[in-house]
Amino acid sequence: MKMLALVLGIIFIVLAILTATGATSFLPVLGLDGHPHVKHTILYVVLAILSFLWMRFQSNTTRVG
């Protein structure tokens, strides 16, 4: 689960950078039109932070029995 949280965090950071710069014109499927969107950028940053927190709080050991 740590790897999933890390990958999601990285994806959200990349999306935040792309939406902040307006370089998302190649992603019309996600509803992004290529113009800078501040609200989307903030949302992606918050999701990235939550993903990294999720990764941080995952335990390293598994309990048996």
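Keep in mind it's a predicted model, so treat the numbers as computed, not measured.
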What distance separates [X] [atom1] from [Y] [atom2], expressed to the nearest 0.5 Å?
X     : Y     : atom1 : atom2 : result
Phe12 : Leu43 : CZ    : CG    : 8.0 Å
Leu4  : Gln58 : CG    : CD    : 9.0 Å
Phe57 : Phe52 : CZ    : CZ    : 14.5 Å
Ile13 : Ile17 : CD1   : CD1   : 6.5 Å

(request) Is it possible for you to say whether Leu8 and Met1 belong to one hydrophobic cluster, with membership spreading through side-chain heavy-atom contacts below 4.5 Å? (result)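 Both belong to a single hydrophobic cluster.
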(message) Are Ile10 and Met55 connected into the same hydrophobic cluster when the rule is that any two of I, L, V, M, F, W, Y join if their side-chain heavy atoms are below 4.5 Å apart?
(response)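 Yes, because Met55 and Ile10 connect within a single hydrophobic cluster, where side-chain heavy atoms sit under 4.5 Å apart.
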(message) My understanding is that only residues two or more places apart in sequence, or in another chain, count here; which of them pass side chain to side chain contact (heavy atoms under 4.5 Å, CB included) with Ile11?
(response)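 Scan of Ile11 (side chain to side chain contact (heavy atoms under 4.5 Å, CB included), adjacent residues dropped) gives Val7, Leu15.
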(message) Going by side chain to side chain contact (heavy atoms under 4.5 Å, CB included), name the residues that satisfy it together with Ala20, two or more places apart in sequence or in a different chain.
(response)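 Applying side chain to side chain contact (heavy atoms under 4.5 Å, CB included) to Ala20 gives Thr41.
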(request) Would you please name every residue forming a side chain to side chain donor-acceptor pair (under 3.5 Å) with Ser51, sequence neighbours left out? (result)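 Testing Ser51 for side chain to side chain donor-acceptor pair (under 3.5 Å), a comparison that skips the adjacent residues, returns none.
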